[in-house]
K.L.:
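Pasting a structure here, questions to come.
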There are 2 protein chains.
Amino acid sequence: MKFSAQEEYGLRCLLRIAKESPDDGLTIPEISAAEGLTQANVAKLLRILRMGGFIDSSRGQTGGYKLAKKPEEILIAPVLSALGGRLFESSFCFDHSGVDSICTHSIDCSVRSLWRAVQNAVDAVTMKLTLRDMMNSEEQVQSVVTPLVETIN
Amino acid sequence: MKFSAQEEYGLRCLLRIAKESPDDGLTIPEISAAEGLTQANVAKLLRILRMGGFIDSSRGQTGGYKLAKKPEEILIAPVLSALGGRLFESSFCFDHSGVDSICTHSIDCSVRSLWRAVQNAVDAVTMKLTLRDMMNSEEQVQSVVTPLVETIN
DNA sequence: ACGAATCTTTACAAAAAAGTCAAGATTGAT
DNA sequence: ATCAATCTTGACTTTTTTGTAAAGATTCGT
């Protein structure tokens, strides 16, 4: 169970843009240097983020990347979803219409309950987390995590 | 963010053994047929589970696989860990000694707080889930998820 | 002892994911 | 107009993950 490279690095790039230069924008070389990724790789990741509507780009001498919306309007879950394909894909257990759909694989889908429990938990966390939350201290993030209960109970 | 194939299928095999035949044990062909996986693939997965100490195997005409311990003594988290490599590996952000270790990658590790929050959530779920819980109804699983709060707060 | 049924291991092949490269298109400053 | 700085795209290579194949070793019942 882990985050894909695209999810991790893509999110890093997005956060970097949000933190470093909300007005002027950042260039690929700048992000590349800051995050220790190659320029080609950063370009690939930013393309995904742009097509997902999270960032805007401009070309030319003063070009670069900016957030497409205010940080507090960007949710983590859709970002991860755009970067990593489906959130919580479980190839055989669920078809792609949702957790409750019918299992097409084994006679009784014994893994479903675990998947559902974990999905609930992570979903609750990511859905509540906005970029702005992440840019602040960890204490604040902890408090953002608390409302988790609302979703579980 | 997803479970690897090994995690999913390996866990399926383990659950199958736990449910179907706690006393006699199950053979590779039986598990293969029940889960719709090839025998070669099942053999590979069971090898991992055996080396992790979750199941015992015996050869010969009456051979097969059984749980190595009582179902209620087997935790899900170590099983997933054995199957999928590291639980919640985040290649650059953390080294492998733990969540709190120093980030060796970017100047400030802005993704850490998200990773930690998600890890806490999932960890809390999986750690509380035993095989026996999973073998019962989903209602029970939901109640297992509730204690999540204890970990977060 | 024999043989059938089973697990065991190693090496290999196929598929997916991740990352790189190179050529092109656009823009703004001068 | 020109140039340098920037983004854009598609094809390619490498690495990792996943799955397959085949030959071998062990055990139990007869």
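Side chains are part of it too, since the values below use all heavy atoms of this structure and drop only hydrogens, waters and symmetry mates. So that the names make sense, note that chain A is the first sequence line, chain B the second, and so on, each numbered from 1.
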K.L.:
So, OP1 or OP2 of D:dC7: does either fall under 4.0 Å of a side-chain N or O from A:Arg50?
P.N.:
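False: A:Arg50 side-chain N/O out of range (4.0 Å or more) of D:dC7 OP1/OP2.
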K.L.:
What integer distance in Å separates A:Glu8:CD from C:dA18:C1'?
P.N.:
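Roughly 13 Å, once rounded to whole Å.
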K.L.:
Starting from P on C:dT6, measure out to CG on B:Asp56 and report it in whole angstrom.
P.N.:
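Those two atoms, CG and P, are 19 Å apart.
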K.L.:
Would you mind telling me which of C:dT20, C:dC7, D:dT8 lies closest to the side-chain atoms of B:Ile28?
P.N.:
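Per side-chain heavy atoms of B:Ile28, the pick is C:dC7.
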K.L.:
Please confirm whether the shortest side-chain N or O distance from A:Lys2 to OP1 or OP2 of D:dT17 is below 4.0 Å.
P.N.:
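So the side-chain polar atoms of A:Lys2 do come within 4.0 Å of the phosphate oxygens OP1 or OP2 of D:dT17, strictly under.
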K.L.:
Tell me which nucleotide among D:dC7, D:dC28, D:dG19 gets nearest to the side chain of A:Ser57.
P.N.:
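Nucleotide nearest to A:Ser57's side chain: D:dC7.
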K.L.:
In whole angstrom, what separates B:Asn41's CG from C:dA13's C1'?
P.N.:
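About 14 Å, once rounded to whole Å.
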K.L.:
Which whole-number value in Å describes the distance from B:Gln61 CD to C:dC2 C1'?
P.N.:
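In whole Å, C:dC2 C1' and B:Gln61 CD are 12 Å from each other.
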K.L.:
To the side chain of B:Lys44, which of C:dG19, D:dG19, C:dT6 is closest?
P.N.:
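In terms of side-chain proximity for B:Lys44, the closest of C:dG19, D:dG19, C:dT6 is D:dG19.
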K.L.:
Any idea which of C:dT27, D:dT9, C:dC7 is nearest the A:Arg59 side chain?
P.N.:
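Of the candidates, C:dT27 comes closest.
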K.L.:
Could you please name the option among D:dG19, C:dT20, D:dC7 that lies closest to any side-chain atom of B:Tyr9?
P.N.:
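The answer is D:dG19.
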K.L.:
Roughly how far apart are B:Thr130 OG1 and B:Lys70 NZ, rounded to 0.5 Å?
P.N.:
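It is 13.0 Å, given to the nearest 0.5 Å.
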K.L.:
Quickly work out the B:Gln6 CD to D:dT17 P distance and round it to whole Å.
P.N.:
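Atom CD in B:Gln6 sits about 9 Å away from atom P in D:dT17.
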K.L.:
For the side chain of A:Tyr65, counting heavy atoms from C-beta on, which of C:dG19, D:dC7, C:dT8 is nearest?
P.N.:
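Of C:dG19, D:dC7, C:dT8, D:dC7 is nearest to the side chain of A:Tyr65.
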K.L.:
Same cluster or not: are B:Leu75 and B:Leu11 linked, directly or through other Ile, Leu, Val, Met, Phe, Trp or Tyr residues, by side-chain heavy atoms under 4.5 angstrom apart?
P.N.:
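Looking at the clustering, B:Leu11 is in a separate group from B:Leu75.
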K.L.:
Nearest whole Å is fine: how far is C:dC7 C1' from B:Ile48 CD1?
P.N.:
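Between C1' of C:dC7 and CD1 of B:Ile48: 16 Å.
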K.L.:
Report the distance from atom CD of A:Glu7 to atom C1' of C:dA18, rounded to the nearest whole Å.
P.N.:
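So the two atoms are 13 Å apart, to the nearest Å.
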K.L.:
Between B:Arg47 (CZ) and C:dT10 (P), how many Å, whole number?
P.N.:
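About 6 Å, once rounded to whole Å.
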K.L.:
Show your working on side chain to side chain contact (heavy atoms under 4.5 Å, CB included) between B:Leu45 and B:Gln6 and close with a plain yes or no.
P.N.:
CA-CA 7 Å; B:Leu45 295 167; B:Gln6 279 201 166; 4.1 Å; yes
K.L.:
With sequence neighbours left out, write down each residue that passes salt bridge (charged side-chain N to carboxylate O under 4.0 Å, His left out) with A:Glu73, or none if nothing qualifies.
P.N.:
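So A:Glu73 forms no salt bridge (charged side-chain N to carboxylate O under 4.0 Å, His left out) with any residue.
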K.L.:
Which comes earlier along DNA chain C counting from the 5' end, the contact point of A:Gly63 or that of A:Thr38, where each point is its nearest nucleotide?
P.N.:
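Nearest nucleotide further toward 5': that of A:Thr38.
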K.L.:
Would A:Tyr65 and A:Thr27 satisfy side chain to side chain contact (heavy atoms under 4.5 Å, CB included), going step by step from the backbone distance to the final call?
P.N.:
CA-CA 6 Å; A:Tyr65 292 89; A:Thr27 68; over 6 Å; no
K.L.:
Can you figure out which of D:dT20, C:dG28, D:dG29 approaches the side chain of A:Thr62 most closely?
P.N.:
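The answer is C:dG28, which lies nearest to the side chain.
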